[in-house]
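The chains referred to below are lettered A, B, ... by the order of the sequence lines, with proteins before strands, and numbering in each begins at 1.
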Amino acid sequence: MTIVTRFAPSPTGYLHIGGARTALFNWCFTRHKGGKFLIRIEDTDKERSTSEAVDAIFRDLNWLGITADEDPIFQSTREARHAEVARELVAKGKAYYCYCTPEELEKMREDAKAKGQSPRYNRYWRDRDPATAPEGVKPVIRIKAPIDGESVVEDQVQGRVVVQNKELDDFILLRGDGSPTYMHAVVVDDHDMGITHVVRGDDHLNNTFRQKIIFEAMGWDVPTFAHIPLIHGPDGAKLSKRHGAQAAGEFREMGYLPEAVANYLLRLGWSHGDDEIFTKEQAAQWFELTDINKGPSRLDYKKLEFVNAHYIKAADNERLANEVEARMGTKLASEKRNWLIAGMNDLKARAVSLLQLTKEAAFYTKDAANMDYDDKAQATLKDHDAHHAMHFLYDTLSALPDWGRDSIEGACKKIADEKFEGKLGKIAMPLRAAVTGSTVSPDIFNATSTLGQKETLDRLKSALHWMHDQGGHHHH
RNA sequence: GUCCCCUUCGUCUAGAGGCCUAGGACAUAUCCCUUUCACGGAUACGACACGGGUUCGAAUCCCGUAGGGGACGCCA
């Protein structure tokens, strides 16, 4: 049997990070089995579905490298088919028209709750003659759910789950306006699309028993189910606004690489021995539904950062430069862009996110004539020794014939040995402050070598001027 | 309220009755490396929710308890 899976988001908002993982699991499972992976947009809620959300969902799925094997199906285009099946069910005596109004149903639920019972429909119209129906009420179609006995689902993740049929009510298939409910549309579409395996969040586990009733009433094959646990926030509660990011797109904006997000997400609730770092293609080779855990897992940004740092180190310098440039929001002059790319090896070894990378790369894009120094850099430049160091540095470096990294370091060490008792920091720190405007940077000899002799000297000169301006205020 | 599901270090997890003195990863701490901050390397800290069974033997099987989550819509 060729397996067919689907990812079925509803376009009422962004792609949730949990949805992204569900998609990833479906994708990996399908790749592993050599089947077909489909996407279905569940846009039957016309009030809340938007085309912007549809675009955002596809953008984020593409970002993660998840693409379907066929064109996406839009559920809203299939309403006629959903209605047809619902009426067929009525004709077969498996479903019936119900003339209760939403108000009556609301009251029914409240009464049941007041009596301490489950808020369910009381099957008023199940065996009543439609001829007695009130005028002017557009009926809904309800399924005839089994009244006693029990139902069983052999879930690939959760195991054997049994529910007493008395817990299930005659839920609605087709609304008064003729549109299908989620419960009905899902079944009809899953059947028509030939879905063999439904892999989805375990918030749907209860629904499975209802959907199974429809499959069986139509005499259709029931797919295999795998209900994966939800992702929770760091505090263990359901992921919500107060936890920060929930949308896959937000993770992109926070500077996480797609391969890092995919790797991290795949590792949440699924494992293959002790493997931690892997591509989704690699995961697909290993992926089995039975290796998915049953319990929910929490989002841990520290681990995500660790994984992200790994992929940043592995990423192509040109690509990272593009990311940095995009985040800076300005088109860089080619000279600066070249510095950025040349300095990227040192920069990327230190960054856990693209945001941090961008921040730390900023000094490459500054202008010598217009430097700014952060508080610590200012303190470093104001130090008494720094003034001497900078003059020695300027003189030595302007006369340095070889502008290679080691040559620059050698020159600095020589000054340190001769003037500062071998304390390289006395030279390196003012140099760093002057060249980068910060006391924190990658290897400063590599950085100055990358910037070139002229730019380095220009920045030193600029710092010297700044120091003179400051000195005037301080000493007198 | 009713039903369903879940429970191994702080977090993600390995674990299929003896391989478990419970392994790995992140985080944390310390040390090494070092011109800064990182990176990298090393070491340390740290868990089978609780209580009963079954068994020669239980993290693993069974039953309770507690805690957590989910579902009960003419939402999806």
Side-chain angles (χ1 to χ4, degrees), chain A residues 8-12 42-45 47-49 75 98 100-102 105-106 109 112-121 138 140-142 155 157-159 161-164 166-169 171-177 179-183 185-186 201-210 227 229-230 232 234 236-238 264 267-277 293-307 309 313 346 348-352 356 360 376 380 409 412-413 416 423-429 431-433 436 438-445:
Chain A
S10 64
T12 53
E42 309 218 318
D43 54 351
T44 50
D45 185 341
E47 306 281 293
R48 297 194 300 147
S49 298
Q75 199 160 52
C98 164
C100 291
T101 63
L105 293 169
E106 183 58 32
R109 276 192 290 271
K113 271 187 182 169
K115 280 188 243 170
Q117 297 168 338
S118 285
R120 283 191 216 98
Y121 174 61
K138 288 195 167 181
V140 300
I141 293 179
R142 286 182 182 270
D155 193 273
V157 172
Q158 305 293 340
V161 183
V162 182
V163 142
Q164 298 304 310
K166 64 175 187 224
E167 303 298 333
L168 309 169
D169 65 355
F171 57 91
I172 295 172
L173 266 23
L174 211 63
R175 301 185 183 107
D177 66 1
S179 66
T181 60
Y182 159 79
M183 208 65 76
V186 164
D202 72 5
D203 48 339
H204 287 294
L205 183 55
N206 290 286
N207 291 335
T208 306
F209 293 92
R210 300 187 168 82
H227 287 92
L230 267 21
H232 288 174
K238 192 178 180 180
Y264 176 75
R267 193 65 186 69
L268 224 47
W270 174 81
S271 61
H272 179 264
D274 287 336
D275 292 304
E276 297 285 348
I277 299 294
N293 286 148
K294 293 173 153 197
S297 41
R298 306 180 184 197
L299 216 48
D300 179 4
Y301 283 96
K302 288 291 187 186
K303 182 139 185 191
L304 210 207
E305 283 181 359
F306 167 81
V307 175
K313 287 183 187 74
D346 276 4
K348 72 183 182 183
R350 315 150 48 79
V352 299
Q356 186 197 348
E360 299 199 348
K376 285 182 178 174
T380 299
E409 182 183 28
C412 289
K413 277 192 166 150
K423 290 176 183 166
L424 186 52
K426 286 284 187 184
I427 295 296
M429 283 310 284
L431 176 61
R432 168 175 288 114
T436 71
S438 166
T439 54
V440 176
S441 83
D443 181 290
I444 193 59
F445 307 118

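A straight line from CG of A/Asn293 to P of B/rG68 spans 21 Å, rounded to a whole angstrom. Atom NZ of A/Lys313 and atom C1' of B/rG40 are 9 Å apart (whole Å). Across the protein-nucleic acid pair, A/Asp203 atom CG and B/rC72 atom P stand 9 Å apart, rounded to whole Å. A/Gln164 has its CD atom 16 Å from the C1' atom of B/rC72, to the nearest Å.
Between the base of B/rG23 and the side chain of A/Asp274 there is a donor-acceptor pair shorter than 3.5 Å. Contact of A/Arg432 with B/rU35 (side chain to base): a donor-acceptor pair of N or O atoms is detected under 3.5 Å.
Note on A/Arg175: a side-chain N or O is less than 4.0 Å away from OP1 or OP2 of B/rA76. In this model, the phosphate group of B/rC12 is not approached by any side-chain N or O of A/Lys303 to a distance below 4.0 Å at OP1 or OP2. At B/rC75, none of the side-chain N or O atoms of A/Thr12 fall inside 4.0 Å of OP1 or OP2 (strictly under the cut-off). The phosphate of B/rC12 has neither OP1 nor OP2 within less than 4.0 Å of any side-chain N or O from A/Ser297. Contact annotation: A/Thr44 side-chain N/O to B/rA76 OP1/OP2 distance is under 4.0 Å. Residue A/Arg109 places at least one side-chain N or O under 4.0 Å from the OP1 or OP2 atom of B/rC74.
Under the 3.5 Å distance criterion, with hydrogens and angles disregarded, no donor-acceptor pair is assigned to the side chains of A/Thr436 and A/Arg432.
The partner of B/rG46 is absent, by the rule that a Watson-Crick or G-U pair needs both atom distances under 3.5 Å.
Distance check on atom C1': B/rA42 versus B/rG69 gives 41 Å, rounded to whole Å. On the P atoms, B/rG23 is 14 Å away from B/rA59, given to the nearest whole Å.
Nearest-nucleotide positions on RNA chain B place A/Pro296 closer to the 5' end than the other of A/Lys413 and A/Pro296. Both A/Met429 and A/Arg210 lie close to RNA chain B; mapped to their nearest nucleotides by heavy-atom distance, the more 5′-ward contact belongs to A/Met429.
Between the side chain of A/Arg267 and the backbone N or O of A/Asp275, at least one donor-acceptor pair lies under 3.5 Å.
As judged by a 4.0 angstrom heavy-atom cut-off over every strand, A/Glu276 is placed among the base-contacting residues.
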